[in-house]
Amino acid sequence: MPAAAAPIISSVQKLVLYETRARYFLVGSNHAETKYRVLKIDRTEPKDLVIIDDRHVYTQQEVRELLGRLDLGNRTKMGQKGSSGLFRAVSAFGVVGFVRFLEGYYIVLITKRRKMADIGGHAVYKIEDTNMIYIPNDSVRISHPDEARYLRIFQNVDLSSNFYFSYSYDLSHSLQYNLTVLRMPLEMLKSETTQTRQESFDIFEDEGLITQGGNELLIYGRPVYVTLIARRSSKFAGTRFLKRGANCEGDVANEVETEQMLCDASVMSFTAGSYSSYVQVRGSVPLYWSQDISTMMPKPPITLDQADPFAHVAALHFDQMLQRFGSPIIVLNLVKEREKRKHERILSEELVAAVTYLNQFLPPEHTIIYIPWDMAKYTKSKLCNVLDRLNVIAESVVKKTGFFVNRPDSYCSILRPDEKWNELGGCVIPTGRLQTGVLRTNCVDCLDRTNTAQFMVGKCALAYQLYSLGLIDKPNLQFDTDAVRLFEELYEDHGDTLSLQYGGSQLVHRVKTYRKIAPWTQHSKDIMQTLSRYYSNAFSDADRQDSINLFLGVFHPTEGKPHLWELPTDFYLHHKNTMRLLPTRRSYTYWWTPEVIKHLPLPYDEVICAANLKKLVVKKFHKYEEEIDIHNEFFRPYELSSFDDTFCLAMTSSARDFMPKTVGIDPSPFTVRKPDETGKSVLGNKSNREEAVLQRKTAASAPPPPSEEAVSSSSEDDSGTDREEEGSVSQRSTPVKMTDLGDSAKVTENVVQPMKEVYGINLSDGLSEEDLSIYLRFVQLGQSQHKQDKSSQQFCSRCPDGVIKLTPISAFSQDNIYEVQPPKVDRKSTEIFHAHIQASQGIMQPLGKEDTSMYREYIRNRYL
């Protein structure tokens with residue numbers, strides 16, 4: 001087997017910034033503090049950034065001697081002990097980067113971090129706090145009146161919320177990409193460069209905003225980590241109404257790549273462990289469209305800004321997706337299709353035309369699959385189960401794309417193959433499976449409806465992932481299990497974070513809303529979130545957009561040019577071709593990149609070719625060197641560590657947070673439980689139970705929740721055709737029955753309905769004779785298992801005909817696991833037993849009169 005590459009585990013993780021009047025000294029070390037590096041930053045240049053890296057690895061003693069010499073050499077008077085020439089400015093855990101506005105440069109340091117997840121022994125940290133330090137000395141500083149305003153705009157992007165990083169794991173790529181690189185033979189990488197991340201001070205580098213969370217699924221004591229990572233694109237980024245559609249390069253607004261990873265935590269190595277992942281994407285409709293917010297309307301009209309008959313922008317976008325994910329590309333469009341006044345339908349019609357045009361020129365096996373589904377219409381229907389329909393779509397999508405797993409199919413799946421497993425798509429390789437293609441989900445905002453649809457697809461993919469690792473016997477997961485509740489909570493946190501970033505509020509509609517089991521208090525919360533989203537869009541989105549443009553480097557402050565707040569629009573910042581006189585045009589028919597189409601269905605970014613090999617950074621290490629020693633990095637035997645830090649006990653656990661605390665309950669996270677049996681909603685007393693019953697009754701009698709946009713829009717936007725064809729839709733499986741409070745008969749029916757579902761009968765109806773007979777037989781059976789007294793025997797004698805009378809053969813007065821009292825045998829039975837024993841020994845008993853008469857009767861009937 002060829003040797004495989006291994007990621008660098010031990011890198012610069014601890015930093016200390018020392019200050020002198022002429023320089024900053026950034027001293028970095030690995031976690032064990034056995035190797036040190038020193039970075040020198042010049043403070044005498046007012047506007048230029050001068051960094052000196054001597055590329056020498058110091059020991060701890062050498063660093064102490066170096067700092068001592070610097071301290072002694074920078075004192076004001078030689079030999080003076082009172083004043084120090086070297087000051088310790090700040091301790092940090094990473095460098096975010098260097099930034100400059102109109103004066104000198106700033107350095108941004110990570111001063112607090114928190115471990116959030118573990119991926120194959122690679123820790124993933126969340127930034128808790130940062131610090132910006134101005135580099136030039138006060139004596140050379142050239143002040144500018146607008147510097148403070150730019151600094152405030154830049155700091156509006158809160159780095160302590162939802163920014164994640166890892167020292168050794170590449171969060172900007174999927175698990176499939178990272179493990180594909182590790183499986184690459186080293187012979188192909190000999191000619192590559194030998195720089196590593198340790199030799200450069202790129203502590204934290206990020207293409208976009210990453211949100212991440214990890215939960216623990218405990219399966220009979222076997223820990224399984226479920227991790228959700230969202231990679232937000234840094235291109236054409238912005239807020240809800242200010243960034244819609246796509247730019248001239250095919251980058252869409254609110255584009256987020258969501259990856260769910262499943263790993264067996266009992267083995268943490270990438271080479272020996274079991275890992276699986278599934279990737280899906282959300283993003284705005286890839287067209288030139290926008291919404292004018294100057295009218296202060298809750299739902300501004302949708303406008304197509306530019307005619308695109310040859311789908312030029314959509315072609316650029318789907319070409320990028322083919323390069324990143326392979327084929328097939330599946331588009332799930334959730335916007336409305338039937339409206340009185342055309343609003344969302346404008347986007348549906350244009351997207352259908354664009355996909356139809358592009359599919360004319362693609363090979364038939366690699367065409368874009370388009371799935372339109374009006375989710376808002378199905379939500380308003382009282383007879384439709386939205387999640388049942390989404391589950392059907394999810395099954396078909398996962399079967400087409402497959403998923404990634406780094407191990408071959410288990411032997412049990414070969415012995416007992418499942419029909420759904422045999423129909424699974426993707427690419428099967430000797431070492432496992434690869435995901436080919438991706439699902440792209442969109443609605444108008446890509447928030448509420450999209451998050452629910454992605455949850456259902458993720459739930460379906462999670463079942464296949466658990467089945468591939470041998471953790472369940474069927475690739476199917478049901479609602480109201482600990483595993484699905486944990487996964488639902490993970491996706492809701494993920495949706496809330498993305499909604500806050502793009503829309504200004506948390507999710508308005510959640511999975512429980514579409515299941516129609518949300519409590520009545522959820523309606524008021526939805527209204528508050530809608531108002532919060534409207535306020536943010538109307539008053540604070542413009543400032544947030546300026547902060548994003550400055551933070552991502554879309555706008556560069558320059559002396560003598562208009563400032564950021566003086567620009568009437570940022571359209572020219574995100575559409576580069578508007579500044580060109582003769583923009584280059586691509587072919588209208590061969591709209592894809594030739595190299596990409598050759599390697600389909602595999603994504604071009606994961607193909608081993610010369611162009612991709614140039615992107616890799618490789619260095620050879622001995623297998624026992626500290627840089628790749630995953631055991632020392634994870635367990636850290638050289639320091640006193642706690643269980644909380646080592647084993648990630650802070651993450652949500654299915655056993656601790658969801659499994660019932662009652663003794664005797666099945667501990668499996670795949671067992672369906674009632675809502676009052678979960679660990680998070682245990683009904684402890686009578687008042688809580690009554691309140692829960694009241695909430696269920698109120699939720700049952702309340703009207704169905706409005707759609708995502710209907711809450712924040714006027715009533716005249718309601719579609720007149722939404723109620724059509726409701727009877728043809730499948731019945732809803734949830735037990736909630738929609739009633740009218742004014743009809744007392746329907747209210748009574750609503751109260752009795754759950755009793756019939758629980759007991760199988762209506763308690764108000766009388767029992768039939770057949771049911772009464774069955775009940776009496778059940779009572780007699782129970783009484784016959786114990787010693788009967790005289791009263792019970794008299795009761796049995798009075799039983800009606802047809803009832804079986806069971807009489808106990810023997811009654812044990814004392815019978816337990818320690819001793820058994822034998823039953824008493826009567827005299828006649830004892831005599832018969834003794835006669836049987838004597839007959840076996842040849843001693844026959846004399847015949848009595850009764851035996852003689854019986855024998856004579858037998859002879860008479862037989863022969864006479």
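Because only heavy atoms are used, hydrogens play no part in the values below, and waters and symmetry mates are left out as well, while side chains stay in.
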L175 versus F270: any side-chain heavy-atom pair under 4.5 Å?
yes

Would you list the atom pairs, donor with acceptor, under 3.5 Å between side chains in residues 430-438 and any protein atom, with sequence neighbours excluded?
unit_1, atom_1, unit_2, atom_2, d
R433, NE, D409, OD1, 3.4
R433, NH2, D409, OD2, 3.4
Q435, OE1, V279, N, 3.1
Q435, NE2, V279, O, 2.9
Q435, NE2, G437, O, 3.1

Decide, yes or no, whether a salt bridge links R510 with E488 under the criterion of side-chain N to carboxylate O below 4.0 Å.
no

Side chain to side chain contact (heavy atoms under 4.5 Å, CB included) filter on V352, not counting sequence neighbours, yields T356, Y370

Examine the side chains of N178 and Y169 and answer whether a donor and an acceptor come within less than 3.5 Å of each other.
yes

Any side-chain heavy atom of I229 sitting closer than 4.5 Å to one from I119?
yes

Plane angle bin for Y491 and H494 - parallel if under 30°, tilted between 30 and 60°, otherwise perpendicular
perpendicular

Donor-acceptor list for residues 595-605 side chains, cut-off 3.5 Å, not counting sequence neighbours:
unit_1, atom_1, unit_2, atom_2, d
H599, ND1, E595, O, 3.0
D605, OD1, Q323, NE2, 3.2

Would you give the length of the straight line joining atom CG of D496 to atom CG of L447, rounded to the nearest 0.5 angstrom?
10.5 Å

Keeping the roles fixed (side chain from Q280, backbone from Q454), state whether a donor-acceptor pair exists under 3.5 Å.
yes

Flag the pair V252 / N442 as yes when at least one side-chain heavy-atom distance between them is below 4.5 Å, and no otherwise.
no

Minimum side-chain heavy-atom gap D480-V484 below 4.5 Å
no

With salt bridge (charged side-chain N to carboxylate O under 4.0 Å, His left out) as the test, pick out the partner of E257 among R232, R282, R324.
R324

Under a 4.5 Å cut-off applied to non-hydrogen side-chain atoms, are R440 and P286 in contact?
yes

Please lay out, stage by stage, how S327 and L322 fare under the test side-chain contact (heavy atoms from CB on, under 4.5 Å).
CA-CA 6 Å; S327 67; L322 289 173; 4.2 Å; yes

With the threshold set at 4.0 Å, does a side-chain nitrogen-carboxylate oxygen contact exist between E395 and K420?
yes

Under 6.0 Å between the ring centres of F361 and W592?
no

Is the shortest side-chain heavy-atom distance between L262 and Y278 below 4.5 Å?
no

For M456 and I393, run side-chain contact (heavy atoms from CB on, under 4.5 Å): C-alpha distance rounded to whole Å, both residues' side-chain angles, the deciding distance at 0.1 Å, then the answer.
CA-CA 9 Å; M456 289 302 299; I393 297 175; over 6 Å; no

How about V226 and Q260: do any of their side-chain heavy atoms sit closer than 4.5 Å?
no

Do you know which two heavy atoms are closest between S166 and L171, and how far apart they sit?
N-CD1, 4.0 Å

Validation row: E489, D493 side chains within 4.5 angstrom (heavy atoms)
yes

